[in-house]
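Residue numbers start from 1 in every chain, and the chains themselves are labelled A, B, ... in the order their sequence lines are given, proteins ahead of strands.
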Amino acid sequence: MKRFTVKELFAHASALANQSVSVTAWVRTVRDSKTFGFLELNDGSFFKNVQVVFDSDLENFSDVAKLPISSTVTVEGTLIYTPDAKQAFEIRAAQVRIDGYSVSDYPLQKKRHSFEYLRSIAHLRPRTNTFSAVFRVRSLAAFAIHQFFQERGFVYVNTPIITTSDAEGAGEMFRLTTGTNDEFFGKPASLTVSGQLNAEAYSLAFGNVYTFGPTFRAENSNTARHAAEFWMIEPEMAFAELADLLMVAEDMVKHVIHYVLEHAPEEMAFFDQFVEKGLLARLQHVVESDFARVGYSEAIELLKTAKVDFEYPVSWGLDLQSEHERYLCEQVFKRPVFVTDYPKDIKAFYMRMNDDGKTVAASDLLVPGIGELIGGSQREERLEALKKRMVEMGLNPEEYAWYLELRAYGETKHAGFGLGFERLLMYLTGMSNIRDVIPFPRTVGHAEF
RNA sequence: UCCUCGAUAGCUCAGCGGUAGAGCAUCCGGCUGUUAACCGGAGGGUCGUAGGUUCGAAUCCUACUCGGGGAGCCA
């Protein structure tokens with residue numbers, strides 16, 4: 001008898017009507033009465049469960065009826081097509097073989113659990129509806145990102161996880177040690193906080209490149225949006241200006257949304273119903289509308305004239321606070337918004353100075369509910385200007401010798417951005433805590449599992 | 001790191017000075033079409049830890065630990 005996955009059964013239910021099928025899966029729930037019962041099975045291949053009807057003709061009827069949740073069974077039976085019932089089809093069991101017993105203290109019950117509790121059993125939570133949906137979407141979104149860049153000729157570069165450059169300017173680093181006093185690499189080494197500088201080198205050879213890999217920040221952040229280990233996508237484009245970069249960023253976000261809506265409709269409908277009401281309408285709106293663009297200076301004016309009492313002051317030269325970012329994208333523009341041309345003093349040394357001498361060609365993409373999803377800039381390609389900025393910001397140009405050589409040997413304008421993959425997932429799924437979109441999250445004080 | 005809220009049964013919570021409760025889960029029984037099935041019964045707790053106030057503390061006070069939310073840092 002041919003064995004099918006649950007996904008295959010759902011895909012071909014009408015064609016398989018009245019045929020003999022076999023499926024091996026875990027028991028999600030059992031309901032029984034005196035002479036018959038129902039099993040709901042899931043084998044991980046599909047979001048929905050397959051319903052199995054079994055009756056007292058089975059020699060092991062009472063054993064099956066008492067199966068603890070998450071036991072493993074192989075069912076052989078006839079597929080009954082039931083398009084008018086709550087389930088599209090069911091399997092009338094001729095035989096239920098018990099492959100492996102679970103036990104009655106299985107921590108996942110047939111009820112809603114809090115996300116906090118599920119975090120404490122991170123090894124089991126992928127068996128729940130919510131996390132099954134989250135991590136399938138995570139997989140699809142990762143593929144969609146590769147697809148987007150590959151189709152546009154970007155070269156995927158694996159930038160190093162271990163780095164000895166001491167001040168990439170993107171936060172606290174984890175120091176690496178072998179446990180002895182020797183410096184394995186001859187000098188202090190750390191886990192990377194960004195692949196950007198390395199990606200720039202490759203963009204000045206291949207033109208368009210992107211990285212997609214893990215990133216580490218040793219910051220004592222305790223929020224729903226920060227983790228010590230997360231994944232980041234960093235495209236870098238030669239011969240490109242800030243405006244070119246923003247177009248790519250917008251197209252990429254839309255592509256990923258489109259892809260997951262098309263390839264995970266059951267999961268996305270589940271999020272819309274149980275995680276964030278209105279999610280599908282929100283994403284549809286994003287795909288169909290143009291992202292807003294506003295200069296930092298104009299954004300400051302909008303905030304100054306806003307009829308809202310902000311906790312933090314607004315004035316030109318200060319960085320935008322969370323409440324300001326939220327006001328801009330949620331109240332003023334009601335969609336994702338690129339804020340561009342920030343004051344040079346609140347941005348990194350490598351960002352390209354604008355002609356006004358006060359602002360740099362940088363942009364953050366702010367989205368409702370998440371805050372900063374993307375941070376990017378045109379890079380300073382002019383060797384002397386770059387050196388000048390490094391000195392002004394207290395960096396030693398000698399430590400960036402190879403980075404400066406990129407400018408010396410055929411300088412050209414180029415631009416890139418960093419996208420926090422988990423933040424994108426939060427935006428796609430409506431999940432509100434970054435710890436719930438990473439399989440085994442690492443945050444301050446937490447690296448279990 | 002700061003602010004704030006919280007910690008009571010396996011899970012989600014109520015009780016807020018006077019002998020510890022509910023729903024779900026578990027176990028037992030019933031039920032011929034269920035959909036987080038339903039109905040009946042049972043078992044299950046040194047009320048986060050340590051100290052204090054009080055005749056008496058889950059309840060009030062202090063410290064600590066852990067967790068949620070917000071802020072900063074950022075992606």
Side-chain angles (χ1 to χ4, degrees), chain A residues 28-40 48-57 65-66 68-69 80 82 85-88 90 92 102-121 128-129 168-172 192-196 211-234 249 274 310-312 319-326 346-348 364-367 370-376 417-427 432-438 443-446:
Chain A
R28 278 285 181 83
T29 171
V30 189
R31 296 179 289 272
D32 74 289
S33 63
K34 192 174 187 179
T35 58
F36 68 97
F38 300 93
L39 291 171
E40 280 192 38
K48 291 182 176 174
N49 302 325
V50 56
Q51 174 165 293
V52 173
V53 195
F54 61 101
D55 62 37
S56 51
D57 291 349
K66 283 186 206 154
I69 294 170
I80 309 294
T82 56
K86 275 197 181 181
Q87 72 289 339
E90 63 186 18
R92 188 165 293 277
S102 183
V103 286
S104 65
D105 64 355
Y106 182 63
L108 293 172
Q109 299 171 5
K110 293 189 288 184
K111 57 173 249 180
R112 196 185 187 102
H113 290 292
S114 67
F115 291 148
E116 292 80 16
Y117 171 67
L118 292 169
R119 272 172 224 150
S120 74
I121 49 170
T128 64
N129 287 333
E168 289 172 1
E172 294 297 312
T192 185
V193 293
S194 166
Q196 182 199 317
T211 74
F212 187 176
T215 306
F216 307 87
R217 303 276 168 91
E219 259 135 26
N220 187 13
S221 297
N222 212 313
T223 80
R225 308 184 303 285
H226 292 85
E229 177 181 316
F230 63 99
W231 283 57
M232 191 152 66
I233 296 110
E234 296 177 285
F274 293 109
F310 293 118
E311 189 182 343
Y312 290 88
D319 208 352
L320 300 178
Q321 302 293 315
S322 288
E323 57 177 348
H324 306 143
E325 296 181 347
R326 225 178 296 124
I346 58 173
K347 287 294 180 182
D364 289 349
L365 177 65
L366 310 179
V367 299
I370 309 292
E372 186 180 340
L373 181 64
I374 287 174
F417 65 79
L419 165 77
F421 185 47
E422 285 79 8
R423 289 193 181 171
L424 176 63
L425 286 170
M426 293 166 73
Y427 190 60
S432 56
N433 195 310
I434 196 167
R435 285 161 245 177
D436 297 328
V437 298
I438 301 178
T443 55
V444 193
H446 292 282

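Between A:Y117 atom OH and B:G10 atom P the separation is 10 Å, expressed in whole Å. We find that CZ of A:F38 is positioned 13 Å from P of B:U32, with the value rounded to whole Å. Summarising the geometry, the separation between CD on A:E325 and P on B:A71 is reported as 10 Å, rounded to the nearest angstrom. The distance from atom CD of A:Q321 to atom P of B:G70 is 16 Å, rounded to the nearest whole Å. Atom CG in A:N222 sits roughly 12 Å away from atom C1' in B:C66 (whole-Å rounding). Straight-line distance from the CD atom of A:E422 to the C1' atom of B:C74: 13 Å, rounded to whole Å.
Side-chain to base pairing of A:R31 with B:C31: no donor and acceptor N or O lie closer than 3.5 Å to each other. For B:U12, its base never sits under 3.5 Å from the side chain of A:E116 at any donor and acceptor pair. Residue-to-nucleotide contacts include a donor-acceptor pair under 3.5 Å from the side chain of A:Q109 to the base of B:G10. In this model, no side-chain donor or acceptor of A:S221 finds a partner on the base of B:C74 within 3.5 Å. Put simply, the side chain of A:H226 and the base of B:C74 share a donor and an acceptor less than 3.5 Å apart. The base of B:A36 is not paired with the side chain of A:R112 by any donor and acceptor separated by under 3.5 Å.
The distance from atom CZ of A:R435 to atom OG1 of A:T443, rounded to the nearest 0.5 Å, is 5.0 Å. Within the model, atoms CZ of A:F310 and CG of A:L320 stand 10.0 Å from one another, a figure rounded to the nearest 0.5 Å.
Here the separation of B:U59 from B:C16, taken at their C1' atoms, is 4 Å to the nearest Å. Nucleotides B:G56 and B:U19 are separated by 12 Å at their C1' atoms, to the nearest Å. Atom name P, nucleotides B:C60 and B:C73: the rounded distance is 37 Å, in whole Å. Of the C1' atoms belonging to B:A25 and B:A42, the separation is 14 Å, rounded to the nearest Å. Comparing the C1' positions of B:A58 and B:C47 gives a spacing of 4 Å, expressed to the nearest Å. Rounded to the nearest Å, the gap between the P atom of B:A9 and that of B:U49 is 11 Å.
Nucleic acid contact for A:A227: base, since at least one base atom lies under 4.0 Å from a heavy atom of the residue. Heavy atoms of A:Y312 sit under 4.0 angstrom from primed sugar atoms or phosphate atoms, though from no base atom. Looking at heavy-atom distances under 4.0 Å, A:I374 makes contact with sugar-phosphate atoms alone, never a base. A:N49 comes within 4.0 angstrom of no nucleic acid atom, judged by non-hydrogen atoms across all strands. Across all strands shown, A:D105 has no heavy atoms under 4.0 Å from either base or sugar-phosphate atoms. Among the atoms of the strands shown, base atoms are found under 4.0 Å from some heavy atom of A:R92. If you check every strand for non-hydrogen atoms under 4.0 Å, A:L373 touches sugar and phosphate atoms only. Contacts of A:T215 with the nucleic acid, taken as non-hydrogen atoms under 4.0 Å apart, are absent. Nucleic acid contact for A:E234: none, since no nucleic acid atom lies under 4.0 Å from a heavy atom of the residue. Counting any heavy atom pair closer than 4.0 Å across all strands shown, A:E323 reaches no nucleic acid atom. Counting non-hydrogen atoms under 4.0 angstrom, A:S33 reaches a base of the nucleic acid. Among the heavy atoms of the strands lying under 4.0 Å from A:S322 are primed sugar atoms or P, OP1, OP2 only; no base atom is included.
Using cut-offs of 30° and 60° for the angle between ring planes, the A:F36 and A:F38 rings count as perpendicular.
Put simply, A:F230 rests on the base of B:A75: the two rings are less than 5.5 Å apart at their centres and nearly parallel, under 30°.
Under the Watson-Crick and G-U wobble criteria, each requiring two contacts below 3.5 Å, nucleotide B:C31 is left unpaired. With a 3.5 Å ceiling on both atom-pair distances, B:U53 lacks any Watson-Crick or G-U wobble partner. Within the shown strands, B:G68 is the pairing partner of B:U4 under the Watson-Crick or G-U definition, both distances less than 3.5 Å. The base-pairing partner of B:G17, taking Watson-Crick or G-U wobble contacts with both distances under 3.5 Å, does not exist among the strands shown. Of the nucleotides present, none pairs with B:A58 by Watson-Crick or G-U wobble criteria with both distances under 3.5 Å. Pairing of B:G23, defined by two Watson-Crick or G-U wobble distances under 3.5 Å, is identified with B:C11.
A:S104 and A:P68 get closest at one heavy-atom pair: N-CB, 4.2 Å.
No side-chain heavy atom of A:D55 sits under 4.5 Å from any side-chain heavy atom of A:T35.
Under the 4.0 Å criterion applied to side-chain N and carboxylate O atoms, A:D364 and A:K347 are assigned as salt-bridge partners. A salt bridge links A:R31 with A:E40: at least one charged nitrogen is closer than 4.0 Å to a carboxylate oxygen.
At a cut-off of 3.5 Å, with distance as the only test, no side-chain donor of A:T215 or A:E229 sits close to an acceptor on the other residue.
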